[in-house]
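To start, the structure itself, in structure tokens.
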Amino acid sequence: MDDDLPTDFQVIVVGTGMVESIVAAACSRIGKNVLHLDSSDHYGGLWASYNFDGLQKFIKEVSEDPKRQEQVYNLSEKWYIEKDVSEEAEENKTDADPAKKIWSQTKFAAEYRKFNIDMTPKLLFSRGPLVELLISSNIARYAEFRCVTRVLTWLDDRLMPVPCSRADVFATDSVSILEKRQLMKMLTAIVGNTEEEMEQEFKDWNDKPFKDYLTHKGLTPNLIHYVLFAIAGGTDKMNCRDGVKESKKFLMSLGRYGNTPFLWPMYGSGELPQCFCRLCAVFGGVYCLNRPIDKVEHKVVDEGKSIVVIESKSKTLNCDHLVIGINECPKEMISPEPTESTDISKAVFVTNASIMPSEKEPLTLLRFPSLDGTDHAVTVLEVGPATGSCPKGLFVVYLITSKVTDAENDLMPYAQRIFDMNADQSETTEKPKCLWSVFYNVRDTSAPVASLVDNVHVCSGPDSGLDFDRAVEQAEQIFKKICPGEEFLPRAPDPEEIVFEDDAAPGPDFERTLEDEEEQKPEE
């Protein structure tokens with residue numbers, strides 16, 4: 001491949017994270033000559049999904065060679081089950097559910113291909129920027145999605161379903177008749193008011209907490225909990241403007257595809273960068289994995305033209321524009337201006353049941369208010385076998401929050417509320433049993449950073465937010481700098497719509513003439 005790889009490109013993209021992949025697809029789609037590189041042997045970077053064997057290799061790499069994964073630290077893996085299951089344990093399965101599988105580390109390893117575990121689990125709002133982009137660009141045909149079936153919250157020391165739709169509000173027993181009317185009036189006002197009406201309504205609340213506004217409107221503590229923590233996804237200190245904005249985003253996405261506003265990508269969030277990479281390749285983008293960058297230089301050549309020169313595996317590559325992930329970019333090319341950042345605490349758990357029983361397999365978003373009164377709520381996502389995330393009989397649960405001390409100390413108190421950490425799988429308990437976990441911190445590289453070189457464009461890393469909005473917004477901004485005036489990801493044709501230029505044009509239809517018919521008449 002080294003001998004065949006051209007040396008000159010209009011755009012070179014380094015890293016296959018979400019932002020980089022969207023930019024690569026957008027440039028390739030309008031005819032730019034794109035080379036897309038990644039130093040890893042897989043797509044996605046910190047946005048990737050791993051099967052269980054791949055995740056074990058990643059954990060080993062972080063533990064043994066921290067310099068290769070500098071953005072991940074404080075990683076701690078723990079098994080809660082034995083390496084192998086004894087015959088006696090198999091025979092002593094619970095009478096309540098004799099078909100329930102007794103899991104061991106060996107059984108996990110045997111079914112490693114059935115796992116798809118995300119490094120950056122995120123949801124899509126049904127009317128959010130990414131869904132609209134996937135539809136308008138026709139990239140949606142490369143992906144599959146499932147609807148989140150329920151939104152939960154932690155209230156009165158137990159899990160409670162959040163009434164999302166109008167039907168949910170009037171069907172729930174957790175709020176009174178009066179509260180239902182109050183809640184519907186509040187939600188209708190947030191969705192129905194025009195920009196001018198919103199401006200008038202909130203002119204005195206710009207710098208005040210959303211909780212104070214909800215209290216001012218007469219909502220009960222019960223309703224304030226639902227709106228503030230579950231719908232707006234906020235905390236006690238959430239700004240009023242932000243609370244209204246997040247609530248409106250939640251409510252506007254209701255009813256498009258399901259009973260909640262959210263979609264989850266089949267086989268994990270790591271599938272989405274690959275969808276954009278597929279489109280880039282379809283329109284001529286060249287891909288090279290396992291291709292580390294040795295050196296990046298900025299040069300001015302003939303007639304004052306500025307180019308970027310990359311050294312990679314003893315080969316020199318030239319480009320008009322370089323798009324590069326922040327972790328790959330040479331520090332001397334990044335603006336030294338300080339950016340605000342708060343590192344992220346994450347955890348992944350594999351359990352033998354759902355956190356809240358359901359007739360059908362649930363796909364759950366749980367928004368956990370802070371347990372210690374700090375300004376750090378916890379987002380919990382639970383996915384099951386129907387999403388392609390794990391083998392039958394298991395669930396994968398993600399916990400995410402802003403870092404305070406370290407991932408384990410930040411998240412374990414929440415995990416203990418919803419999981420049974422006892423390793424004995426033969427016992428029947430109300431909570432699902434935790435079989436395996438990993439805690440880790442991720443450096444926050446989500447803030448946009450400026451490059452000191454005009455034709456070098458630096459892509460931020462994943463943020464702690466629930467959706468992909470920031471990634472889509474930054475990708476479009478970078479594309480517009482590279483291709484001013486061009487349409488961002490116009491619709492790609494379906495295969496049956498493509499007509500190749502060198503196809504021979506069909507000739508005229510054959511028409512029989514009267515003379516031909518006379519000649520072919522048999523002689524009498």
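Predicted, not measured: the structure shown is a model, and the values here were computed from it.
- Using a 4.0 Å cut-off between charged nitrogen and carboxylate oxygen, Glu430 and Arg158 do not count as a salt-bridge pair.
- Side chains of Glu328 and Ser39 form a contact here, defined as non-hydrogen atoms less than 4.5 Å apart.
- In this structure a side-chain-to-backbone donor-acceptor pair under 3.5 Å is missing from Ser21 to Phe276.
- In this structure, Trp79 and Phe108 have perpendicular ring planes: the angle between them is above 60°, well past the 30° mark.
- Considering all non-hydrogen atoms of both residues, Ser126 and Phe262 come closest at OG-N, 4.1 Å.
- Looking at Gln182 and Thr220, their side chains come closer than 4.5 Å, going by heavy atoms from C-beta outward.
- Relative to the six-membered ring of Trp205, Lys203 misses at least one condition, a distance below 6.0 Å or an angle of at most 45° to the axis.
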* Asked: Stepwise, does the side-chain hydrogen bond (donor to acceptor under 3.5 Å, both in side chains) test hold for Asp406 with Ser345?
  -> CA-CA 7 Å; Asp406 61 66; Ser345 289; over 6 Å; no
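- Looking only at side-chain heavy atoms (C-beta outward), Leu399 and Lys346 stay at 4.5 Å or farther from each other.
- Judged by distance alone, the side chain of Glu271 and the main-chain N or O of Ala143 form no donor-acceptor pair under 3.5 Å.
- A donor-acceptor pair under 3.5 Å links the side-chain atoms of Tyr440 to the main chain of Met119, judged by distance alone.
- Considering every non-hydrogen atom in both Phe145 and Pro265, the closest pair reads CD2-CA, 3.6 Å.
- In this structure, Thr364 contributes its side chain and Arg150 its backbone to no donor-acceptor pair below 3.5 Å.
- If you check the side chains of Thr445 and Asn327, you find no donor sitting under 3.5 Å from an acceptor.
- With contacts defined as side-chain heavy-atom distances shorter than 4.5 Å, the pair Gln69/Phe58 qualifies.
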- Task: Evaluate the side-chain hydrogen bond (donor to acceptor under 3.5 Å, both in side chains) criterion for residues Asn116 and Ser389: first the C-alpha distance (whole Å), next the side-chain angles of each, then the deciding distance (0.1 Å), finally the verdict.
- Result: CA-CA 4 Å; Asn116 281 291; Ser389 297; over 6 Å; no
| query | Can Glu111 and Lys101 be said to form a salt bridge (charged side-chain N to carboxylate O under 4.0 Å, His left out), step by step? | reply | CA-CA 13 Å; Glu111 300 199 44; Lys101 191 170 184 176; 2.7 Å; yes
- Item | Derivation of the side-chain hydrogen bond (donor to acceptor under 3.5 Å, both in side chains) call for His376 and Thr235 | CA-CA 7 Å; His376 299 285; Thr235 65; over 6 Å; no
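- At least one side-chain heavy atom of Leu411 sits under 4.5 Å from a side-chain heavy atom of Val378.
- Looking at Asp444 and Lys403, no side-chain N of the basic residue comes within less than 4.0 Å of a carboxylate O on the acidic one, giving no salt bridge.
- Checked for salt-bridge contact, Lys433 and Asp420 meet the test: a charged N lies under 4.0 Å from a carboxylate O.
- Salt bridge status for Glu361 with Lys392: absent, with no side-chain N to carboxylate O gap under 4.0 Å.
- Between Tyr398 and Phe349, the distance separating the two ring centers is not shorter than 6.0 angstrom.
- A distance of 9.5 Å separates CG of Asn441 from CG of Leu75, quoted to the nearest 0.5 Å.
- Proximity of a side-chain donor or acceptor of Ser464 to a complementary backbone N or O of Ser402 within less than 3.5 Å is not detected.
- Relative to the ring axis of Tyr73, Arg443 places its NZ or CZ within 45° and under 6.0 Å from the centre.
- Formation of a donor-acceptor pair under 3.5 Å by the Ser176 side chain with backbone atoms of Glu179 is found in this model.
- Ion pairing between a basic and an acidic side chain is recognised when a charged N comes within 4.0 Å of a carboxylate O; Asp53 and Arg113 show no such pairing.
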Could you go through the side chain to side chain contact (heavy atoms under 4.5 Å, CB included) check for Gln274 and Tyr142 one step at a time? CA-CA 9 Å; Gln274 294 186 61; Tyr142 296 131; over 6 Å; no
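- Atom CG of Leu159 and atom OG1 of Thr153 lie 8.5 Å apart (nearest 0.5 Å).
- Checking side-chain atoms of Thr149 against main-chain N and O of Leu363 turns up a donor-acceptor pair under 3.5 Å.
- The CD atom of Glu77 sits 8.0 Å away from atom OG of Ser437, with the distance rounded to the nearest 0.5 Å.
- Ring planes of Tyr213 and Phe210: parallel class, angle under 30° (limits at 30 and 60°).
- Here the closest heavy-atom approach between residue Asn206 and residue Asn239 is recorded as O-ND2, 2.7 Å.
- With a 4.5 Å cut-off on side-chain heavy atoms, Lys431 and Arg417 do not count as touching.
- Across all non-hydrogen atoms, the minimal contact from Ala347 to Phe439 is CB-CD2, 3.5 Å.
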Requested in this report: Check the pair Ser104 / Glu82 against side-chain hydrogen bond (donor to acceptor under 3.5 Å, both in side chains), numbers first and verdict last.
Outcome: CA-CA 5 Å; Ser104 66; Glu82 299 296 328; over 6 Å; no
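- When all heavy atoms of Gly243 and Met238 are compared, the pair lying nearest together is CA-SD, 3.6 Å.
- Classification of Lys122 and Asp463 as a salt-bridged pair holds, one side-chain N sitting under 4.0 Å from a carboxylate O.
- Judged purely by atom type and a 3.5 angstrom limit, Ser460 uses its side chain to pair as donor or acceptor with the backbone of Ala447.
- Counting non-hydrogen atoms of other residues, nucleotides and ligands closer than 6.0 Å to CE of Met412 gives a total above 12.
- Atom NZ of Lys245 is surrounded by 12 or fewer heavy atoms from other residues, nucleotides or ligands within 6.0 Å.
- Shown here for Gly461 and Ile326, the closest heavy-atom pair between the two residues is N-CG2, 4.1 Å.
- Looking at heavy atoms from C-beta onward, Gln474 lies out of side-chain contact with Val23 at the 4.5 angstrom threshold.
- The OG1 atom of Thr379 sits 7.0 Å away from the CG atom of Leu381 when rounded to the nearest 0.5 Å.
- By the 4.0 Å N-to-carboxylate-O rule, Arg470 lies too far from Glu473 to be salt-bridged with it.
- At a threshold of 4.5 Å between non-hydrogen side-chain atoms, the residues Val383 and Phe395 do not count as touching.
- Counting heavy-atom neighbours within 6.0 Å of Tyr257 OH, excluding the residue itself, gives a total above 12.
- Using cut-offs of 30° and 60° on the angle between ring planes, the pair Phe52 and Phe115 is tilted.
- With values rounded to the nearest 0.5 angstrom, Arg278 atom CZ is found 11.0 Å from Arg141 atom CZ.
- By the 30° and 60° cut-offs, the orientation of the rings of Tyr414 relative to Phe368 is perpendicular.
- Under a 3.5 Å cut-off, the side chain of Arg367 and the backbone N or O of Ala230 do form a donor-acceptor pair.
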